[in-house]
Amino acid sequence: MRYDVLLWDLDGTLTDPKEGITRSVQFALNRLNYPFSETDDLGWIIGPPLKESFKILLQTLDETLLDRAITIYRERYQKIGLYENILYPGIMELIVQLKEKGCRHLLATSKPRVFAEKILQHFSLDSYFSVIMGSELNGQFVEKDVLIAEVLKKALAGSRSKTVMIGDRSFDVQGARANGIDVISVGYGYGTIEELSSASPDFIVPSVRDLGILLSS
């Protein structure tokens, strides 16, 4: 096997969360009486820290307003939005297959850990992961490089050359590079090919099937 310690992003890599995230963002914007078009494609907000997306959407750096937006977003997301989510076809089979071959799965998502745990449980994936790591609701570990560093602390000792980060955005590439591990970018998520190519990951794969072929080689 090329790698035996696999750090996985969640949104845009294991699951497609677009409906739940975008509807919860729209819910927050509506409560704040901020104009928006329901026809706007908000796919770009999937991946980066939520506060950074709200800075752009609300065109503000006001921390009080940003925190209020996140609080309102979570009101809907934790009850409804996190379940408006689907596994990418083939992901479950790939996770099981790689686990049977001796790979260790570790989750490294900027999404709050409490939500990530519920999502993995919802899809019956939690038992396949030895580490489930996300940010904290207070904002700790939201930066991908800090998050990955923390995940690696929790992993069993092993060679960094056999460890890889798998994600769909440039933030995953940057976080992996900061921690000296390889990175695979998936082209089926929410990062554009231009974004991923500019970030220069070790590999870009267009589909779950191609990801499986690479990881099994």
Side-chain angles (χ1 to χ4, degrees), residues 2-18 21-22 25 41-57 61 63 66 70 88 91 103-113 115-116 119-120 129-155 158-208 210-211 214-215:
R2 188 187 297 267
Y3 302 106
D4 55 26
V5 179
L6 312 178
L7 277 63
W8 294 86
D9 179 43
L10 180 58
D11 294 341
T13 303
L14 295 176
T15 73
D16 184 349
K18 185 175 182 179
I21 290 178
T22 57
V25 165
D41 184 359
L42 295 174
W44 61 270
I45 68 177
I46 300 170
L50 188 58
K51 181 175 283 190
E52 298 305 311
S53 297
F54 273 123
K55 285 179 183 178
I56 297 171
L57 288 166
L61 296 176
E63 290 292 323
L66 293 170
I70 291 172
Y88 283 111
I91 280 294
C103 290
R104 285 176 282 153
H105 299 301
L106 301 87
L107 192 74
T109 175
S110 295
K111 179 184 291 298
R113 177 178 50 80
F115 298 152
I119 290 168
L120 291 188
F129 283 78
S130 57
V131 174
I132 299 174
M133 184 72 190
S135 63
E136 298 299 331
L137 293 176
N138 63 8
Q140 186 180 21
F141 303 129
V142 74
E143 297 87 1
K144 205 71 183 224
D145 57 339
V146 177
L147 176 75
I148 291 174
E150 193 67 17
V151 172
L152 292 173
K153 288 179 187 177
K154 297 175 182 295
S159 170
R160 292 287 179 103
S161 67
K162 298 284 285 183
T163 301
V164 66
M165 176 71 207
I166 306 163
D168 71 314
R169 300 298 304 268
S170 60
F171 308 97
D172 301 302
V173 180
Q174 294 158 6
R177 293 283 181 250
N179 285 279
I181 61 173
D182 283 1
V183 56
I184 300 169
S185 292
V186 299
Y188 56 80
Y190 286 91
T192 65
I193 292 301
E194 291 75 18
E195 174 188 337
L196 298 178
S197 297
S198 295
S200 298
D202 295 285
F203 304 95
I204 300 178
V205 293
S207 67
V208 174
D210 290 304
L211 176 60
L214 175 61
L215 290 174

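Side-chain atoms are counted along with the backbone in the values below, which use heavy atoms only and exclude waters and symmetry mates.
- The side-chain heavy atoms of Val5 and Lys162, taken from C-beta on, include no pair separated by under 4.5 Å.
- Looking at Leu7, Leu107, Ile148, Leu147 one by one, the single match for side chain to side chain contact (heavy atoms under 4.5 Å, CB included) with Met133 turns out to be Leu147.
- With hydrogens and angles disregarded, a donor-acceptor distance shorter than 3.5 Å links the side chain of Asp168 to the backbone of Tyr190.
- Between the side chain of Arg169 and the main chain of Gly189, no donor-acceptor pair closer than 3.5 Å is present.
- To the nearest 0.5 Å, atom CD1 of residue Ile21 and atom CG of residue Leu50 are 8.0 Å apart.
- For Tyr88, the ring-ring contact (aromatic ring centres under 6.0 Å, His included) partners are Tyr188, not counting sequence neighbours.
- With contacts defined as side-chain heavy-atom distances shorter than 4.5 Å, the pair Val164/Leu6 qualifies.
- Without hydrogens or angle criteria, Lys55 side chain to Leu66 main chain gives no donor-acceptor distance under 3.5 Å.
- Side-chain contact check for Gln140 versus Val146: every heavy-atom pair is 4.5 Å or farther apart.
- Counting only distance, with no hydrogens or angles, the side chain of Asn179 and the backbone of Ile181 share no donor-acceptor pair below 3.5 Å.
- Arg177 contributes a side-chain N or O that, together with a main-chain N or O of Ser200, makes up a donor-acceptor pair within less than 3.5 Å.
- Pairs of residues two or more places apart, or lying in two chains, that qualify as salt bridge (Lys or Arg N to Asp or Glu O under 4.0 Å) and include a residue from residues 129-139 are Arg113-Glu136.
- With sequence neighbours left out, the side chain to side chain contact (heavy atoms under 4.5 Å, CB included) criterion links Ser198 to no other residue.
- In this structure, the side chain of Asp11 does not engage the main chain of Gly47 through any donor-acceptor pair within 3.5 Å.
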Apply side chain to side chain contact (heavy atoms under 4.5 Å, CB included) to the pair Leu57 and Leu42, showing each step before the final yes or no. CA-CA 10 Å; Leu57 288 166; Leu42 295 174; 4.1 Å; yes
